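Below is one structure, written out as structure tokens; the observations come after it.
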Amino acid sequence: MILAVDIGNSNIIAGCISADKISCIERLSTNSALTPVEYAMRIKTILDMYGIDFMNIEGSIISSVVPQLTPVLEEALFKLLRVKPLIVGPGLKTGINIRIDDPGQLGSSLLVSSVAAMAEHEPPFIVIEMGTATTFCTVNRQRQYIGGVICAGVRTALDSLVSKTSLLHQVTLEEPGNIIGRNTIDGVKSGMIYGTAACIDGVIERIESELKEKCALIATGRFASIVIPHCKRKIVIDQELIIKGLRVIYEKNRK
């Protein structure tokens with residue numbers, strides 16, 4: 001069993017995974033003010049909550065899009081396990097051929113999710129990550145990561161709309177029931193949920209048109225379960241994708 005951690009802009013995903021099952025997976029708020037000890041205590045609380053014995057954890061791996069927090073979590077995991085964690089980045093084997101202008105610009109979470117999808121789905125495929133941003137990662141039939149699309153995340157878009165509109169109060173992200181909102185709040189909800197779903201359907205259609213073939217579709221991220229059910233295309237939701245990808249990369253780099 002390994003401890004896998006993905007550091008995102010809004011949330012940190014931590015989970016324990018072995019070859020045959022995921023023993024736990026939870027989210028923490030990303031907080032740059034916390035020390036390594038404080039993060040270690042929070043992760044230990046999760047492991048204790050699931051009854052996971054530290055003696056059964058052989059190592060750890062981190063992916064991160066928040067560079068300043070990477071060494072903090074690296075130290076936190078070392079304090080817990082007394083083993084230096086692997087860090088997703090240059091030098092690690094991933095099993096995926098990155099064919100973009102500058103491979104160094106590819107966010108680690110996008111890479112890890114694509115690695116996980118590669119292990120479970122036949123390419124070509126599109127991985128849709130729904131977090132701070134909504135991203136579309138494309139892997140072609142030759143098993144090459146060829147790029148993608150980056151849009152504002154649904155929560156990011158909603159927060160921006162509310163902050164710049166005097167008469168709007170904070171709106172919860174939930175289905176309004178009808179596409180045509182009968183009041184301002186329902187209109188905003190409809191725009192966020194159905195508008196994002198329509199955006200996803202449209203981007204998928206355009207990617208497939210450029211590839212000239214249909215793709216397998218996989219979605220992950222904290223907002224996937226809210227929006228994806230309203231898409232017209234059949235999209236598999238996999239909230240464990242990032243943890244699965246980290247395990248695949250760990251196994252490829254096991255010493």
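Computed over heavy atoms, backbone and side chain alike; hydrogens, waters and symmetry mates excluded. The model shown is predicted, which means the values in this text are computed figures rather than measured ones.
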With rounding to the nearest 0.5 Å, note down the distance linking [atom1] in [X] to [atom2] in [Y].
X: Leu3; Y: Ser23; atom1: CG; atom2: OG; value: 11.0 Å
X: Leu34; Y: Arg42; atom1: CG; atom2: CZ; value: 4.5 Å
X: Lys44; Y: Leu80; atom1: NZ; atom2: CG; value: 8.5 Å

- Option passing side chain to side chain donor-acceptor pair (under 3.5 Å) with Tyr194 (candidates Lys189, His230, Glu175): Glu175
- Query: Pick one: which of Asp6, Val127, Ile249 meets side chain to side chain contact (heavy atoms under 4.5 Å, CB included) with Val112?
  - Reply: Ile249
- Message: Out of the candidates Val5, Ile243, Leu246, only one should pair with Ile13 under the side chain to side chain contact (heavy atoms under 4.5 Å, CB included) rule; please name it.
- Response: Ile243
- Smallest separation among heavy atoms of Ser225 and Ile237, with atom names: CA-CD1, 4.0 Å
Where the side chain of [X] meets the backbone of [Y], is there a donor-acceptor pair that is under 3.5 Å apart?
X: Ser108; Y: Ser64; result: yes
X: Asp53; Y: Asn56; result: no
X: Thr156; Y: Thr132; result: yes
X: Thr45; Y: Met41; result: yes
X: Thr30; Y: Gly8; result: yes
X: Ser209; Y: Glu205; result: no
X: Arg206; Y: Gly202; result: yes
X: Asp186; Y: Arg182; result: no
X: Thr138; Y: Ile126; result: no
X: Thr135; Y: Ile150; result: no

- Task: Start with the C-alpha gap between Val248 and Met118, add the side-chain angles, then the distance that decides, and say whether side-chain contact (heavy atoms from CB on, under 4.5 Å) holds.
- Result: CA-CA 10 Å; Val248 172; Met118 183 85 77; over 6 Å; no
Got a list of side-chain donor-acceptor pairs under 3.5 Å for residues 87-106, not counting sequence neighbours?
from: Thr94; atom 1: OG1; to: Ile96; atom 2: N; distance (Å): 3.4
from: Asp102; atom 1: OD1; to: Gly104; atom 2: N; distance (Å): 3.1

- Note on the structure: For residues 76-91, the side-chain hydrogen bond (donor to acceptor under 3.5 Å, both in side chains) pairs (sequence neighbours left out) are Glu74-Lys84
